Amino acid sequence: MVTMDIKKLLSEMTLEEKASLCSGADFWHTKAVERLGIPQVMVSDGPHGIRKQETRADYIGLGESVKAVCFPAAATLSCSYDRELLHKLGSALGEECQAEELATLLGPGINIKRSPLCGRNFEYFSEDPYLAGELAASYVNGVQSKNVGTSVKHFAANNQETRRLSINAVVDERTLREIYLAAFETVVKKARPWTIMCSYNLINGTYSCENDWLLNKVLRNEWGFEGLVVTDWGAMNDRVKALKAGLDLEMPSSHGVTDKEIVDAVNEGKLSMETLDQAVTRILELVKRYMENKVDNASYDKEEHHQLARRMAEESAVLLKNEDILPLKEEETVAFIGEFAERPRYQGGGSSHINSFKVTSALDASKGLPIRYARGYDSLKDELDDALVQEALQCAKEAKVAVVFAGLPDLYESEGYDRTHLNLPDNQNKLIEEIIKVQPNTVIVLHNGSPVLMPWANKVKGILEVYLGGQAVGEATINLLYGKVNPSGKLAETFPLRLQDNPSYYNFPGTNRNVTYQEGIFVGYRHYDAKEMDVLYPFGYGLSYTTFEYSNLRMQVLHTEANGETIAQGSSNGSGTDMVHMKDTDQLQVTVTVKNTGNRFGKEIVQLYIHDKEASVIRPPKELKGFEKVALEPSEEKDVTFTLDNRSFAFYCTERNDWYVESGEYQILIAKSSRNIELKGTVIMEKEVPEPFIIDDRTTLGDLLPRMKDPSILFKILAGAFGAASAQESNTSEEKMMMEMVKSMPLHCLRSFSPTPVNPEDLENLKQMILSQLK
Ligand code: BGC
């Protein structure tokens with residue numbers, strides 16, 4: 001076993017050796033310092049399988065990589081809403097990394113799906129940062145439980161492929177904190193990833209890799225990240241500036257050029273040895289962590305992992321529609337139509353592309369069943385092929401049910417470019433329309449990495465969204481279609497009715513090298529809900545072959561005493577409509593009973609959203625703050641419990657530069673989807689330490705009124721001091737106008753509106769008088 005004394009090594013290294021460690025030896029290895037026995041280590045993509053390149057290296061997935069297991073992509077896995085499953089995936093990948101002698105797996109990718117057009121959405125989890133953060137933290141914990149590192153990417157605001165190496169994302173701080181950084185924050189705090197991968201783009205004018213605010217201030221100082229920050233492949237711009245900003249390792253190799261820049265900067269006094277030592281220490285820590293725990297001759301069972309990939313696809317598929325058509329019956333003749341039944345699209349293109357050791361299609365997996373197959377379309381073309389259509393129609397007519405395997409071909413979405421529309425290829429849509437005419441019992445199975453429009457949705461009887469299901473997708477699909485497995489996934493993103501409805505529509509992918517995130521925090525369902533827009537399928541939605549009933553909402557406030565002891569305080573009794581009072585420092589436990597009211601085993605994803613009823617800032621109508629997946633036999637019921645804390649209720653307050661919970665009323669929404677609220681509870685939030693109310697120049701009388709013990713006193717004071725109009729009633733339009741004008745008046749304006757002169761002392765006296773009358 002290798003042991004490394006980092007302090008000692010650092011003291012023995014020359015400046016040149018230190019600088020050399022700060023960039024890769026080649027595409028996938030860090031540098032070794034043989035003189036001191038520092039070995040090189042290898043990293044590889046990620047995220048849903050191992051892409052270890054032994055010969056031709058590249059970062060876009062063109063060169064051959066070793067045979068490995070292709071698990072479902074993140075877009076698929078996120079629909080499982082299953083932390084445990086993600087942990088299992090992580091530990092399986094960790095085992096594979098050990099066997100392949102990899103120190104770090106380059107993933108997971110946790111960028112938020114700002115637009116459904118982003119070509120790389122299939123590699124990302126969700127439009128919701130809570131869901132993305134929770135699942136990614138489990139994945140990271142899983143991988144790292146095998147003493148292999150992860151590289152959580154791409155930090156940050158890398159939400160498109162267009163000009164991804166040079167685009168400047170213009171995003172306000174609240175939006176960054178609440179939407180684009182929040183999932184990273186969760187992973188850093190809950191899973192302590194070994195590394196973070198810095199994105200190519202600029203944020204508000206500064207490259208992520210050179211962004212002192214992003215790396216030093218937020219990531220390290222605020223969140224407590226102790227690992228290493230590595231560039232995305234080729235993202236380095238100014239090496240010395242990046243080091244100062246907290247960027248440790250440049251990948252891949254700079255062929256020595258930037259190493260020399262580092263040496264020169266130190267010699268010229270432009271870079272401190274302390275900053276360089278810090279980066280070198282973090283790189284050595286990565287090497288040490290891996291080398292000291294490396295398992296020699298590790299191996300893994302590929303077949304076992306293939307079965308795990310199948311289970312993951314089964315747990316993640318989303319049943320979008322089912323009008324008494326699914327599950328299929330084994331004795332019925334079924335027509336499988338569409339090339340994807342034979343050659344499924346099961347993963348995306350680019351750096352995540354896995355050289356799968358085997359792939360099973362739905363056709364392969366349906367051996368023994370009375371299935372007839374017709375190719376239906378050519379996935380490399382958009383035009384309808386008449387001969388293929390005729391063959392498909394014949395096949396569909398002669399069967400009891402037609403299952404059309406549709407979706408996005410490789411060309412339609414990939415790393416490296418964005419989509420320009422949400423349509424399926426024309427030939428697929430037309431084929432489906434033709435099939436429906438001859439076969440009323442039509443089901444659609446979808447293979448795609450992000451939302452598509454479904455002009456035929458109302459005319460088909462069933463839709464199963466399989467996303468990009470990994471190499472075992474065929475077996476999973478058959479098990480789901482025939483009811484061996486009950487679908488239990490729910491959407492981790494909204495399927496809009498039109499591309500134009502998406503909040504980023506006007507600002508994607510940007511102009512003049514900038515992309516402005518003008519929609520702010522209103523991303524995904526936060527936007528569709530606020531605008532009360534109809535959608536094709538909402539966030540959090542998915543059906544099952546059984547049914548579930550929610551009841552008995554209970555809330556319990558947990559108060560932590562000064563000595564650290566937690567005591568249960570207020571509680572609600574479970575009528576589902578009552579309320580609790582809590583302090584912003586308390587925790588809230590919410591429990592609900594879920595019952596399987598159908599006649600087959602099934603799993604239900606229970607969601608908890610919070611609605612801030614009295615926000616002083618604009619907030620989305622609801623935000624996901626909890627989810628649990630529960631497995632139930634027929635008639636079985638179980639309690640599901642969520643624990644909420646201060647952060648669950650908070651928004652990022654740019655005036656306080658911190659997360660902030662306001663006092664007032666909140667609603668707890670227990671839901672089957674973002675558009676299907678089953679139970680509601682009310683929380684009255686009070687501040688543990690009341691906020692001091694500060695009166696300044698711009699405080700208006702309207703700000704003061706609700707804070708006065710007796711609001712009429714304010715009018716009396718005003719009338720007394722200034723003889724100001726004091727309409728307290730607003731029955732007539734004139735009175736209303738008067739009232740509103742008085743309310744909008746800041747204190748200093750009283751000087752101009754008073755009939756008599758007002759000196760600064762008079763104003764100060766008035767302030768004091770008002771202060772003494774505040775609640
Ligand atoms: C991608 C990363 C990937 C790296 C190495 C980059 O182009 O953005 O996600 O890990 O290449 O292949």
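Please read all numbers here as calculations on a predicted model, not as lab measurements. Numbering of ligands and ligand atoms starts at 1, following listing order.
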Show the atoms of ligand 1 that are less than 4.0 angstrom away from any heavy atom in [X].
{"X": "R51", "value": "12 (O)"}
{"X": "S351", "value": "1 (C), 2 (C), 3 (C), 9 (O), 12 (O)"}
{"X": "K153", "value": "2 (C), 3 (C), 9 (O), 10 (O)"}
{"X": "M197", "value": "10 (O)"}

Determine whether the side chain, the backbone, both or neither of [X] has a heavy atom under 4.0 Å from any heavy atom of ligand 1.
{"X": "M251", "value": "neither"}
{"X": "H353", "value": "neither"}
{"X": "W28", "value": "side chain"}

Q.
Below the 3.5 angstrom mark, is there an N/O of H154, backbone or side chain, next to an N/O of ligand 1?
A.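 Yes; the residue has a nitrogen or oxygen that sits under 3.5 Å from a nitrogen or oxygen of the ligand.
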
Q. Mind checking whether R164 has an N or O less than 3.5 Å away from an N or O of ligand 1?
A. yes

Q.
Regarding E185 and R177, does a basic nitrogen lie under 4.0 Å from an acidic carboxylate oxygen?
A. no

**Q.** N-O pairing of E303 and K358 below 4.0 Å
**A.** yes

**Q.** S351 side chain reached by R51 side chain, heavy atoms, under 4.5 Å
**A.**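 The answer is yes; the side chains approach within 4.5 Å.
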
Q.
When you compare the side chain of P451 with that of P496, does any pair of heavy atoms fall below 4.5 Å?
A.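 Of all side-chain heavy-atom pairs linking P451 with P496, at least one is under 4.5 Å.
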
Q.
Measuring from atom 3 (C) of ligand 1, which candidate in L106, D45, V230 has the nearest non-hydrogen atom?
A. D45

Q: Check whether any side-chain N or O of Q160 sits under 3.5 Å from a backbone N or O of P509 as a donor-acceptor pair, and report yes or no.
A: yes

Q.
Donor-acceptor check, side chain of E413 to backbone of G449, threshold 3.5 angstrom: yes or no?
A. yes

**Q.** Among T30, D259, T231, T258, side-chain hydrogen bond (donor to acceptor under 3.5 Å, both in side chains) partner for S23
**A.** D259

Q. Relative to the ring of F627, is the ring of Y130 parallel (under 30°), tilted (30 to 60°) or perpendicular (over 60°)?
A. perpendicular

Q: Measure the distances from the heavy atoms of E123 to every atom of ligand 1 and state whether one is below 4.0 angstrom.
A: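 Under 4.0 Å: no for E123.
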
